[in-house]
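Residue numbers run from 1 in the order of the sequence given. As the structure is a computational prediction, the values presented were derived from the model and not from experiment. Every heavy atom of this structure was used, including side-chain atoms; hydrogens, water molecules and symmetry mates were not. All ligand and atom numbering here is 1-based and tracks the order in the structure.
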Amino acid sequence: MFNFNFDNTFLKLSDDFYEQCEPQSSSNPVLVIFNSSLAEQLNIDSNIQNHVDYLVGNQQFPGSAPAAHAYAGHQFGHFTMLGDGRAHVLGEHVTEGNERFDIQLKGSGRTIFSRSGDGRATLGPMLREYIISEAMHHLNIPTTRSLAVSRTGEDVYRETVLPGAVLVRIAKSNLRVGTFEYAVRTEDKDNIKVLADYAIQRHYPECADDLNPYLSLLNKVIVQQAALIAKWQAVGFIHGVMNTDNMTISGETIDYGPCAFMDIYKPSTVFSSIDHQGRYAYHNQPGIGLWNLTRFAETLIPLIDSDETKAIQYAETALKAYQDTYVQQYQLRFGQKIGFENINPQDFQLVIDLLAILEKHHLDFTSTFRALATNTFKNQSFFKHDDIQQWYKEWLNSMDNQNQSTDSYTLMKSVNPAVIPRNHLVEEALSDMVLANDDTKLIQLLSAITNPFSDDHDAQYLNPAPPSERVYQTYCGT
Ligand code: AMP
Ligand code: MG
């Protein structure tokens, strides 16, 4: 009936890594949203949207073998044993192009990893993950994706009573830094090697034949994460909970909780209501990336070299390269944002100056860069400031002096989005759904964020929130 092509390799690892268990049933499931274009890309029959019982876990797809994965993690710097407390990986689907994806239900009930949680998720946060992950994908940022959200028909008790929901999430894998942190703490000393070999085979098969495959794995993950975080910075994305359990080995963005896009450019911006110290503020993301990767490197030490001192030296050298890769990626992305294919250090001063101007005049990050891209910079109200006019003159001069193959405006238009999922619009769309089951705004918002490099959108999607509607805080809402 369904054309999922399951092949569940993770379950061939020791059962220390997972617990096979059925999702909890939902009494009255109703589909809320289905991602047909993603289904098509995965070679999955869109007809599954008519079978909501499968999309919430009441029934099992042929070939699926549901399991909750074990992992640990440093949450806000503190180590904890975790695991999928409200999620079930149904299996690994292999596409016609031989790409492998975990198909996971989130909000599908209690597992042995639930601790005191109820195993459930609520409609607002699951739709939030759907919106933001799809926005990220269309901004060309590696991310897990969202296939469907369904209501369960059950109430979930948080501060208030909320509608329960299940998200179907698609990921290159669910291997996290936290999975490695877990593996080194199991009794079986082979587990870390088994896991590292699995990660190499699944994500970086080219490392297998290297002289030191585990050091190569570390290097790969470092490069992927440095590039990913540079991409976040370039669109003003703030993840909000960069715990090690929320950092993937594949380099995809995962676990959309209190994440949000920065509107006014201010590097210390924090949205998450639980991030009191600003640990995961916009400007801290690159440093936290390194902190998390250091936790990852620690787990690989016994594999990198039998001589621990040597292993630590190798790992430290690898971690030092993170900063270089990050800076190079950051300069590349921000250089492109002002029209340079490959910016040189001298011209990069223009980026530094522009960001300082944005901060000083409290300008909107996204729409200011877009105005540069659409050659409407001079028409903006901020152009009255002397320092902005001066910057613009210098920028035009440097543009004149460079000869590059791509037209600068074409380049800028392809990297400076016109549309991001603005917090106030996301909140409006979610509250209409949760309170009134009205999907009008949700559908319109999805249509805008899936075409972010076009200016052909209603003004509300292109402009910052009016001051009265600005959102200053976001909630996990787990
Ligand atoms: P997250 O904030 O979604 O990354 O979750 C952090 C950890 O808490 C993971 O181990 C989750 O499985 C677990 N968790 C979050 N919410 C719940 C819940 N309602 N019931 C059980 N476990 C949960
Ligand atoms: Mg998580």
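Residue G83 has at least one nitrogen or oxygen atom sitting less than 3.5 Å from a nitrogen or oxygen atom of ligand 1, judged on distance alone. For ligand 1, the polar-atom distance check finds no N/O of K106 at less than 3.5 Å from any of the ligand's N/O atoms. For a threshold of 3.5 Å applied to N or O pairs, the pair formed by G119 and ligand 1 contains at least one separation below that value. The shortest N or O to N or O distance between N246 and ligand 1 is under 3.5 Å. Of the polar atoms of D255, at least one N or O is found under 3.5 Å from an N or O of ligand 1, judged by distance alone.
Taking the six-membered ring where tryptophan is involved, the planes of F10 and H69 are essentially parallel, since the angle between them stays under 30° and well short of 60°. Note on ring orientation: taking the six-membered ring where Trp is involved, the planes of F6 and F4 are parallel (angle under 30°, cut-offs 30° and 60°). Ring pair Y326/Y322 is parallel by interplanar angle, where below 30° counts as parallel and above 60° as perpendicular. Under the 30°/60° scheme for interplanar angles, the aromatic rings of Y265 and F365 are found to lie parallel. Note on ring orientation: taking the six-membered ring where Trp is involved, the planes of F76 and Y280 are tilted (angle from 30° to 60°).
H74 and E181 form a side-chain donor-acceptor contact under 3.5 Å, judged by distance and modelled atom types alone. Using modelled atom types and a 3.5 Å distance limit, the side chains of E134 and T450 yield no donor-acceptor pair.
Look at E129 and you'll find every heavy atom at least 4.0 Å from all atoms of ligand 1. Taking 4.0 Å as the cut-off, S114 counts as a neighbour of ligand 1 on heavy-atom distance. Heavy atoms of R115 approach ligand 1 to within less than 4.0 angstrom.
For ligand 1, the atoms lying closer than 4.0 Å to a non-hydrogen atom of R120 are 19 (N). Shown in contact with Y71 at under 4.0 Å from a heavy atom are these atoms of ligand 1, numbered in order with element: 9 (C), 10 (O). Atom numbering of ligand 1 starts at 1 in the shown order; those under 4.0 Å from a heavy atom of G117 are 20 (N), 21 (C).
Residue D255 approaches the Mg ion (ligand 2) most closely through its N/O/S atom OD2.
The Mg ion (ligand 2) has no N, O or S atom of N243 closer than 2.8 Å.
Taking all heavy atoms of R86, H69, R158 into account, the minimum distance to atom 17 (C) of ligand 1 is reached by R86.
Of all non-hydrogen atoms in A87 and T111, the two that sit nearest each other are O-CG2, 3.9 Å.
Taken to the nearest 0.5 Å, the CZ atom of R115 stands 7.0 Å off from the OG1 atom of T80.
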